[in-house]
Each structure stands twice: as structure tokens, then as C-alpha cells.
Amino acid sequence: MKVSARNIFRGKVAATRPGTVNAEVDIDLGGGDHLTAVVTLTSLKELGLSTGCAVIALVKAPWVMVLTDASGVKLSARNKLAGTVKAVEVGAVNAEVCIALPGGTEVMAVITRDAVNELGLKAGVAATAVIKASHVVLGVPA
Amino acid sequence: MKVSARNIFRGKVAATRPGTVNAEVDIDLGGGDHLTAVVTLTSLKELGLSTGCAVIALVKAPWVMVLTDASGVKLSARNKLAGTVKAVEVGAVNAEVCIALPGGTEVMAVITRDAVNELGLKAGVAATAVIKASHVVLGVPA
Amino acid sequence: MKVSARNIFRGKVAATRPGTVNAEVDIDLGGGDHLTAVVTLTSLKELGLSTGCAVIALVKAPWVMVLTDASGVKLSARNKLAGTVKAVEVGAVNAEVCIALPGGTEVMAVITRDAVNELGLKAGVAATAVIKASHVVLGVPA
């Protein structure tokens, strides 16, 4: 598989929680890193996802928010992945930010250059990647 | 809280409409401006959202569409926020557009430079920000 | 209608599959090209969508992933639109990629410049546009 998504997370299904229409899928990314996805029950069945399965989670970098100070706020987004900025690459309007999680997973975010400045993002700074569970596309080896 | 999202709307919960899985949350942004979000029932409960609560709504700028001529069309997106372009900042491929709503709320959109030209976006032009309710991340003071 | 979304697909509703909260809408784009959208039941009713209706589907270019090698993987995303790259326009961080589908529909994706290089995207290359059904905004003539 070759795909444009900057985030291609490989892991194992840790748990599935089927609802009436959608299902939450908890993914173990290794090293203690986790990601939660929401897919339709139809997709859950078509992909044959169950606990222990190998799974690929795709997230485009523009769908990732970056938070540097989470004090005093609780967010509805399922994934709040705390780590450390590894690199920042700045363009004319946008910038790519790479956040390394404790378990070794790296998350890429595309945010505005203004946000990079306001948040003081640079290598070594603590930062949290915020990802909506419904923005995660899942894949399985065919 | 410091977050990369260009849109950090602060308001009060005007109403919640719980469904079987998700809930719609109407947010009063002040000055007559409103925003609707869809979150899971789980999030609604975890955040303790009910009418009158202070709430923060986060929307990344690339998730906002800009419409200049809505004549002859009805859209499925819950939020169609009519206002006036306040500023446009153009980059190599993308551009940031700031739309001021009548009540004082400002909405930032990242769209392509081509779209800026086609829509003739510049300060003073009437424009509507289109935001899917499911693209809104909600937060509450912890 | 004038809108910033790079993808404005015009077609006819081929089928609707209402669920308890959401509904899937299959859209015939002509020439054998198809797109699937998920909207709320409320939107389905408000827009009056039923088989045979004219419909407009809006998708922002940053919401489109590009896949060049789908071998060995099955994805949860409803829309996997196989076609051929027609053009690539590269900026500082991002690039616009136009993929032509067999039936004549063109899909625009905004992806990173790095992804363009890694996937070897240029005119004539086979590529698949991946679009989540929940990222499609539907419209009807008012």
C-alpha cells in the first residue's frame, strides 16, 4: 500500500465496542501508545475487525489539532495523544509538525504557521495531538 | 488552553438534542451567532454538557468551506454562517480567509488560492462559512 | 452557487439507505462514476433526497486521500475512486492533485509535497481517491 496520508499507524485491535450504527475500535500501537477509531458496523464486519487483528489506521495530517496547554479544558475528541515535538517544517501558510509519543509512534499534523508561532512549537516542546475518532480510516491486510 | 485550531469559539450551550448514539449541541456564541455540533452521547455525558454550560468549540480552518452565492441551493451541513470577509491572506497553494459574523464571531477558513480568485474573496464581500456539525470538537472548563 | 470546495460533484441519487440516525446516499455521477455520502436522517428529509433527485456533493480537497498501490489492503472508507492523475500543482508544503475517473469525473486532492514525491504522482499515473462518506456535504437545487 502507498497512500498520501502522513499518518499510517500500524497496530493491533485491542477492543471493539459495537453500537447500533457505529463501532469504536481501540488500537494498540505498541509501546503503550493507543488510538481510537469510529467506523460503521458495516465496515467493522467487512474488514473482519476483532480483538487481536492487525490493523492500519490512516489519518491525514490536516485532521490533527495540536494542543500545548491542556490545563483547564476537557475535549470531546477521543484521541488526545501527549508527546514531544520532534520537528517542525514551515511553509508559506501551513507548517508540518511531527509529535513523538512515548511509545515511539510519530504523529504528523499540518497546522498554520501562525499556530506554530503562537504555541511556540519547536523540537523538544511538549505537545498533544488531538484526533477525532471519526476521522480515522481503518484498513486491514487483504 | 493553547491549541492550533484557528477557530476557538466560546459560548454557552443553548440546547442539547440527544439521539441514540450522538447528540446535537446548539451553542450560543453571543450577539445572535450560533453554532451546532454533533458529539457522541458518551462525550455529552463525560463533558457534562447541558443548557447554560460554558463551552468551547474547536474547528480547524481547513474544515471550513466558503460559499459566496447560496442562491438556488440547500446544503446538508448544519452550519451555514453568513457574514462578511474581513481579511484574506494568500500563500503558494492555500489562503486563509477570515469571515466576520453579524454578532462579532470571526470564522477562519483555509481554502485554495484558486477558490479565493474564483469567488472574488476580499475584505467587504459577503460570504458564508459552511461547517459540518460533526467536524466540531467541543471542550469544557475542567 | 459559488463555493470554495474544489470538488463539486453533480449527479443523481441512485439509492438511499436510511438507518436509525444517519442515511447512506449513493450518487450516480454519470459515466459509471459513483460516490457515497452519509448524512443525518434529518438532512435527508430536509433536502427531500430520494432516488432520481438531482444532487450536488461537496468535498474539500484536503479531505481526499490519494492511494497509488491498494494491493494487500482493504479500507473502511466508503469511497475508493480509481482513476488516473491528470495534473499535479506543487506548493511549498502542499500540492493539488487532480485525478480523472473513468466516467469523466475529476477529483481534486490537497496532499503534502512529500506525499507527491513518495507516491511518484504525475500525469498519467494510476491513483485512487479515498473519501470518507461522512465527509461529503450534500446539496439540492432550492
Side-chain angles (χ1 to χ4, degrees), chain A residues 17-24 36 38 40-41 60-80 85 88 90-97 99 107-121 125-135, chain B residues 1-8 10 19-23 25 27 37-49 53-64 88-98 108-113 116 132-142:
Chain A
R17 283 184 294 279
T20 47
V21 177
N22 292 322
E24 277 196 355
T36 299
V38 168
T40 58
L41 277 183
K60 284 196 69 158
W63 304 349
V64 181
M65 285 185 192
V66 179
L67 190 71
T68 49
D69 175 11
S71 62
V73 72
K74 277 171 67 181
L75 294 179
S76 65
R78 271 281 164 280
N79 298 293
K80 285 148 280 197
V85 174
V88 178
V90 176
V93 169
N94 288 325
E96 277 192 324
V97 178
I99 298 174
V107 182
M108 296 295 286
V110 167
I111 63 178
T112 60
R113 199 171 59 171
D114 289 348
V116 168
N117 294 335
E118 287 171 28
L119 274 66
L121 295 174
V125 169
T128 296
V130 178
I131 301 172
K132 283 186 69 110
S134 59
H135 282 180
Chain B
M1 186 191 58
K2 290 181 89 169
V3 65
S4 66
R6 291 302 81 192
N7 295 296
I8 304 175
R10 293 168 196 279
T20 48
V21 176
N22 292 322
V25 180
I27 301 164
V38 168
V39 296
T40 59
L41 276 183
T42 311
S43 288
L44 191 79
K45 286 171 194 164
E46 281 181 10
L47 299 182
L49 290 170
C53 284
V55 67
I56 300 161
L58 305 176
V59 181
K60 285 196 68 159
W63 304 349
V64 181
V88 178
E89 186 182 345
V90 176
V93 169
N94 288 326
E96 277 192 324
V97 178
C98 176
M108 296 293 288
V110 167
I111 63 176
T112 59
R113 198 171 60 171
V116 168
K132 283 186 70 108
S134 59
H135 282 180
V136 180
V137 172
L138 294 185
V140 292

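Chain letters run A, B, ... following the sequence lines, proteins first, then strands; residues in each count from 1.
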Please enumerate all residues that pass side-chain contact (heavy atoms from CB on, under 4.5 Å) together with B:Ser134, with sequence neighbours excluded. B:Lys132

Counting only non-hydrogen atoms closer than 4.5 Å, does A:Val38 touch chain B with its backbone (N, CA, C, O), its side chain (CB onward), both, or neither? neither

So does B:Lys45 have more than 12 non-hydrogen atoms from other groups sitting under 6.0 Å from NZ? no

At their closest point, which heavy atom of B:Gly139 faces which heavy atom of A:Val73, and how far apart are they? CA-CG2, 4.4 Å

Does the side chain of B:Met108 reach to within under 4.5 Å of the side chain of A:Thr112, using non-hydrogen atoms? no

CD of B:Glu46 to CZ of A:Arg78: how many Å apart, nearest 0.5 Å? 5.0 Å

Side chain from CB out, backbone as N, CA, C, O: work out which of these in B:Val39 comes under 4.5 Å of a heavy atom of chain A, or both, or neither. side chain

A:Glu118 and B:Arg6 have their tightest heavy-atom pair at OE2-NH1, 3.0 Å

Checking B:Ile56 against chain A: side chain, backbone, both or neither under 4.5 Å from a heavy atom? side chain

On a heavy-atom basis, the closest approach of A:Ile111 and B:Ser4 is CG2-OG, 3.5 Å

May I ask you to test the B:Val3-A:Val130 pair for a side-chain heavy-atom distance under 4.5 Å? no

Whatever's closer than 4.5 Å to a heavy atom in chain A on B:Val25 counts as neither

Closest heavy-atom pair and its distance - A:Ser76, B:Ser43: O-OG, 3.2 Å

Above 12 or not: heavy atoms from other molecules or residues under 6.0 Å from CZ of A:Arg17? yes

Using a 3.5 Å cut-off and no angle test, enumerate the donor-acceptor pairs between side-chain atoms of residues 61-70 of chain A and protein atoms at least two apart in sequence or in another chain.
{"unit_1": "A:Asp69", "atom_1": "OD1", "unit_2": "A:Ser71", "atom_2": "N", "d": "3.0"}
{"unit_1": "A:Asp69", "atom_1": "OD1", "unit_2": "A:Ser71", "atom_2": "OG", "d": "2.5"}
{"unit_1": "A:Asp69", "atom_1": "OD2", "unit_2": "A:Ser71", "atom_2": "OG", "d": "3.4"}

Which atoms of A:Asp114 approach chain B - backbone, side chain, both or neither, heavy atom under 4.5 Å: both

